[in-house]
Amino acid sequence: MTAGELLRGGKETLRRAGVPEWELDAWYLLEHVTGCTRNEYFLHPERKVSLEQEERYRELLRRRSLREPLQYLTGEQEFMGLSFRVCPDVLIPRQDTEILVEEVSKTLKPGDRILDLCTGSGCILISLLKLYGQRGGLTGVGADLSGAALETARGNARRLGVEAEFVQGDLFGPVVGAFDVIVSNPPYIPEAVVGTLQPEVKDHEPVCALDGGGDGLSFYRRIAVESPAFLRPGGRLYLEIGYDQAEAVSGLLAERFRDVRIVKDLAGLDRVVCGVMAED
C-alpha cells in the first residue's frame, strides 16, 4: 500500500468517527508511524509503506476513533517551542499555559529560585529553566502528588538538558526552603463540570489534574494561604485560572499579596492572576 492510499483511508476513518480535526490527526499519525515529513509525502505520495507500518497506523486510528488524545498516541506535545513527552499520567500541555510561562519570564532575575506546584509533565518549570536560564543561576523545584507524573517530568528534564529537582507530595507538603517565584497551573475545573468535557479530556486525562473541587477553587484557597511561608520578601506568585475565575482568585490573593493583577490570553480571556507578597 502507498502512503497516499493509507492517508486517504485514515482521513475517512477519523471523519466517520466524528473526530475533531480528523484531516490533521490522520496526517500527524502517518508522520509518527512512517517518519515521512510533509514535504517528502507531497513529493512521493506513491511511496510504499511496510506492512508493519500499515498495521501500526490502523491501530492508532482505532484508538483515536475512540477519542484517545492524539498526544498520548504520539507520546509528545510541543510547548514553548520544546518537545515534551506526555502519557496518560500527565495533563497534556496547552498553548494557553504558555501565557503563564511568558508572564513569569518578564520578571525573572539572576539567581531566582522557582517552585512549580502541580508540575505534571514539568513543562512550566523546564521551559523557564531551559529558555531563560541564561539570565544566570536560575534553579527550580517541581512538586506533584503523582509519582508517575514526576517520572515523566524527570525524563523531560533529562531529554532537554535541564537540571531541576522534583519532589512528591500534596502541594507544599514536600517543599523545603524559600523561593522567589511560585507558579502553578493547578486543577481548576469544578467537579460537576469535569464529566461534561470533551471525551479526550474527561475519559483519558488524569482527573486529579482537572478536578478543582466543588467550585473549582480548592487549590487556589490553599495556595493563597500557604504560599507566603515559602516566598522570600517581594516574592511573586503566578496562577493559571479558568476564564471565569479571575475575580474569585484575585480576591483570595488580596489579603496577602499586593499588586494583584489579571493577564489575558490571546483570545482575550482572563488566564493568569499574579501578585507580589505583601511585606510586613
Side-chain angles (χ1 to χ4, degrees), residues 3 7 10 14 19-42 53 56-57 59-61 63-64 67-105 108 114 116-135 138-144 146-166 183-185 198 200-201 204-206 209-210 240 265-266 271:
L7 179 60
L14 297 186
V19 172
E21 299 186 332
W22 47 272
E23 288 186 284
L24 275 176
D25 284 7
W27 163 251
Y28 285 137
L29 290 176
L30 183 71
E31 184 180 36
H32 174 68
V33 169
T34 65
C36 176
T37 67
R38 193 173 292 260
N39 285 341
E40 290 170 340
Y41 170 79
F42 284 118
Q53 289 173 334
R56 177 63 176 152
Y57 186 62
E59 170 60 13
L60 293 179
L61 289 173
R63 293 168 60 185
R64 185 69 188 102
R67 308 297 290 271
E68 190 169 342
L70 175 73
Q71 294 87 343
Y72 290 160
L73 298 179
T74 63
E76 63 182 356
Q77 169 66 13
E78 183 178 297
F79 181 82
M80 295 295 296
L82 304 172
S83 178
F84 285 86
R85 293 278 171 83
V86 294
C87 65
D89 296 310
V90 300
L91 197 69
I92 298 167
R94 266 72 168 178
Q95 186 177 14
D96 288 338
T97 303
E98 294 185 355
I99 302 297
L100 179 65
V101 174
E102 291 166 357
E103 199 61 31
V104 173
S105 74
L108 282 178
I114 305 165
D116 177 22
L117 294 172
C118 308
T119 194
S121 66
C123 65
I124 295 172
L125 177 63
I126 293 169
S127 295
L128 289 168
L129 296 178
K130 177 74 173 180
L131 299 177
Y132 305 102
Q134 72 273 14
R135 297 185 185 179
L138 296 181
T139 58
V141 176
D144 203 287
S146 167
L150 290 172
E151 282 305 304
T152 300
R154 291 186 184 103
N156 279 324
R158 286 193 298 269
R159 286 180 59 250
L160 292 168
V162 169
E163 290 189 15
E165 180 184 357
F166 293 97
V183 59
S184 184
N185 177 20
Q198 288 185 323
E200 285 87 347
V201 179
H204 296 282
E205 296 199 66
L210 299 167
E240 180 169 335
D265 61 22
L266 298 177
R271 183 57 58 188

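Residue numbers count from 1 along this sequence.
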Problem set entry | Residues Thr119, Phe166; criterion side chain to side chain contact (heavy atoms under 4.5 Å, CB included); working and verdict | CA-CA 9 Å; Thr119 194; Phe166 293 97; 4.1 Å; yes
For this session: Work out which heavy atom in Ala157 is nearest to a heavy atom in Ile126; give both atom names and the distance.
Result: N-CD1, 3.5 Å
Problem set entry | Derivation of the side chain to side chain contact (heavy atoms under 4.5 Å, CB included) call for Leu128 and Val104 | CA-CA 8 Å; Leu128 289 168; Val104 173; 3.9 Å; yes
Seminar exercise, completed: dist Gln53:CD -> Thr34:OG1 (nearest 0.5 Å) comes out at 6.0 Å
Exercise. Can you tell if the side chain of Glu163 reaches within under 4.5 Å of the side chain of Leu129, non-hydrogen atoms only?
Worked result: no
For this session: Determine, stepwise, if the pair Asn185 / Cys118 fulfils side chain to side chain contact (heavy atoms under 4.5 Å, CB included).
Result: CA-CA 7 Å; Asn185 177 20; Cys118 308; over 6 Å; no
Problem set entry | From Glu98 atom CD to Gln95 atom CD, the distance as rounded to the nearest 0.5 Å | 5.5 Å
Exercise. Residues in side-chain hydrogen bond (donor to acceptor under 3.5 Å, both in side chains) with Thr74, at least two apart?
Worked result: none
Exercise. Taking only residues two or more places apart in sequence or in another chain, which ones pass side chain to side chain contact (heavy atoms under 4.5 Å, CB included) with Glu31?
Worked result: Trp27, Tyr28
For this session: State which residues pass side chain to side chain contact (heavy atoms under 4.5 Å, CB included) with Ala26; sequence neighbours excluded, sorted by chain then number.
Result: Leu7, Lys11, Leu14, Tyr57
Using distance only, find each side-chain donor-acceptor pair of residues 79-94 under 3.5 Å and give its atom names and separation, not counting sequence neighbours.
| unit_1 | atom_1 | unit_2 | atom_2 | d |
| --- | --- | --- | --- | --- |
| Ser83 | OG | Glu76 | OE1 | 3.1 |
| Arg94 | NH1 | Ile92 | O | 2.7 |
| Arg94 | NH1 | Glu205 | OE1 | 2.9 |
| Arg94 | NH1 | Glu205 | OE2 | 3.1 |
| Arg94 | NH2 | Glu205 | OE2 | 2.6 |

Problem set entry | Closest non-hydrogen atom pair, Cys123 against Ser127 | O-OG, 2.6 Å
Exercise. Considering residues at least two apart in sequence or located in another chain, which fulfil the side-chain hydrogen bond (donor to acceptor under 3.5 Å, both in side chains) criterion with Arg63?
Worked result: Glu68
Problem set entry | Contact summary for Leu73 and Leu60, nearest pair of heavy atoms | CD1-O, 3.7 Å
For this session: Using only heavy-atom distances, determine whether the side chains of Thr97 and Glu240 contain a donor-acceptor pair under 3.5 Å.
Result: yes
For this session: Just jot down the side-chain hydrogen bond (donor to acceptor under 3.5 Å, both in side chains) partners of Glu59, sequence neighbours excluded, or say none.
Result: Arg62
Exercise. Do Ile99 and Leu266 have side-chain heavy atoms sitting under 4.5 Å apart?
Worked result: yes
Exercise. Given Leu29 and Arg64, is the side chain to side chain contact (heavy atoms under 4.5 Å, CB included) satisfied, shown in steps?
Worked result: CA-CA 9 Å; Leu29 290 176; Arg64 185 69 188 102; 4.2 Å; yes
